[in-house]
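Shown next, in structure tokens, is the structure this report addresses.
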Amino acid sequence: MKRATTAIIGLLLLAGCSADVKIPEQPAMYLDMAQPGATLDPVAAAILISQYRQNNGLGAVVVDPDLIKLAEQQSQAMAVRNKMDHNVKGPLEKRLGASGYPAKLAVENISAGYHTMAEAFSGWRDSPPHKANMLKNGVTKLGIAAVYAPNTKYKVFWTLILAST
């Protein structure tokens, strides 16, 4: 009986310690980006894509702030024009050059209409050309953006740029 009481008290004490830990209400990959003020977590995206790449025998990718900026510009341009198009701001190679980004290798995935990172990732994974980009050998950096445009057909415009310098 003493052991049981001691064990219960110990568990209650441990439970009290864990109450200080904030657990997110929802994983970042399931956050609805079709909401005002929604913020995409690029680190969570890099982890998701890196795990996918590692499961396919490739190296991880890390977040690159310059690629994030380029991805945001592309997503914003698509949202303003209500058009999903790689060339809405010019071809990727031209956009990289104009920004001064020293890419040796770069690929881009775009999409629209997906509300969560999980949906966008699944769409890219299930599309052979987009899958090939995510599994591009030699890329080491990532920029990703999702722009919410409530008055458009798609609501959310996505851009993923993978590159190496």
Side-chain angles (χ1 to χ4, degrees), residues 24-99 101 103-165:
E25 291 181 26
Q26 193 168 34
M29 64 188 291
Y30 297 114
L31 290 177
D32 186 356
M33 300 308 297
Q35 303 289 326
T39 304
L40 179 66
D41 183 346
V43 173
I47 291 168
L48 176 65
I49 292 168
S50 291
Q51 288 173 338
Y52 180 62
R53 290 175 53 78
Q54 290 169 341
N55 287 342
N56 286 277
L58 297 166
V61 292
V62 296
V63 174
D64 182 307
D66 294 327
L67 289 179
I68 295 253
K69 184 188 292 185
L70 287 166
E72 287 172 349
Q73 291 169 355
Q74 174 66 13
S75 288
Q76 188 64 44
M78 291 189 297
V80 165
R81 289 169 186 80
N82 194 14
K83 182 177 182 182
M84 186 178 66
D85 183 353
H86 284 281
N87 296 320
V88 75
K89 278 191 65 77
L92 176 61
E93 189 174 295
K94 181 180 174 186
R95 287 182 274 131
L96 289 166
S99 74
Y101 192 85
K104 291 183 179 175
L105 173 66
V107 292
E108 177 181 66
N109 286 353
I110 60 171
S111 61
Y114 297 118
H115 286 208
T116 68
M117 185 182 353
E119 290 172 352
F121 171 80
S122 293
W124 291 330
R125 183 197 59 213
D126 295 342
S127 161
H130 295 100
K131 175 181 179 177
N133 282 347
M134 289 196 302
L135 297 178
K136 186 76 169 174
N137 194 24
V139 297
T140 57
K141 299 176 183 187
L142 161 148
I144 189 167
V147 170
Y148 174 51
N151 298 320
T152 63
K153 174 181 176 182
Y154 298 108
K155 307 295 183 221
V156 183
F157 293 83
W158 294 84
T159 303
L160 168 68
I161 302 173
L162 297 159
S164 62
T165 53

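Values below: every heavy atom of this structure, side chains too, minus hydrogens, waters and symmetry copies.
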Ser50: side-chain hydrogen bond (donor to acceptor under 3.5 Å, both in side chains) partners, not counting sequence neighbours: none
How about Val62 and Lys141: do any of their side-chain heavy atoms sit closer than 4.5 Å? yes
In short, Ala120 meets Ser111 closest at the heavy-atom pair CB-OG, 4.3 Å
Pairing residues for Tyr154 by the ring-ring contact (aromatic ring centres under 6.0 Å, His included) criterion, not counting sequence neighbours: Phe157
Sort and list the pairs that fulfil side-chain hydrogen bond (donor to acceptor under 3.5 Å, both in side chains) and have at least one residue in residues 84-93, not counting sequence neighbours. His86-Glu108
Could you pull out all residues at least two apart from Lys131 that satisfy side chain to side chain contact (heavy atoms under 4.5 Å, CB included)? Tyr52, Leu135
I'd like to know if the side chain of Trp124 and the backbone of Ile110 have a donor-acceptor N/O pair within less than 3.5 Å. yes
Under a 4.5 Å cut-off applied to non-hydrogen side-chain atoms, are Met117 and Trp158 in contact? yes
How would you list, by chain and number, every residue that makes a side-chain hydrogen bond (donor to acceptor under 3.5 Å, both in side chains) with Ser122, sequence neighbours excluded? none
Can you list every pair that meets salt bridge (Lys or Arg N to Asp or Glu O under 4.0 Å) and has a residue in residues 27-53, with sequence neighbours left out? none
State which residues pass side chain to side chain contact (heavy atoms under 4.5 Å, CB included) with Ala38; sequence neighbours excluded, sorted by chain then number. Met33, Gln35
Heavy-atom nearest pair, Val63 first then Ala46, reads CG2-CB, 3.8 Å
Result block: side-chain N/O donor-acceptor pairs under 3.5 angstrom for residues 146-153, not counting sequence neighbours:
{"residue": "Thr152", "atom": "OG1", "partner": "Ala149", "partner atom": "O", "Å": "2.6"}
{"residue": "Thr152", "atom": "OG1", "partner": "Lys155", "partner atom": "N", "Å": "3.1"}

Which residue pairs satisfy the ring-ring contact (aromatic ring centres under 6.0 Å, His included) criterion with at least one member in residues 57-84, sequence neighbours excluded? none
Give every residue pair that meets the side-chain hydrogen bond (donor to acceptor under 3.5 Å, both in side chains) criterion with at least one member in residues 57-84, sequence neighbours excluded. Asp64-Tyr101, Gln74-Arg95, Ser75-Thr159
Does Ala118 have any side chain to side chain contact (heavy atoms under 4.5 Å, CB included) partners at least two apart in sequence or in another chain, and if so, which? Met29, Tyr30, Thr116
Side chain to side chain contact (heavy atoms under 4.5 Å, CB included) partners of Val107, counting only residues at least two apart: Asn133, Lys136, Leu162
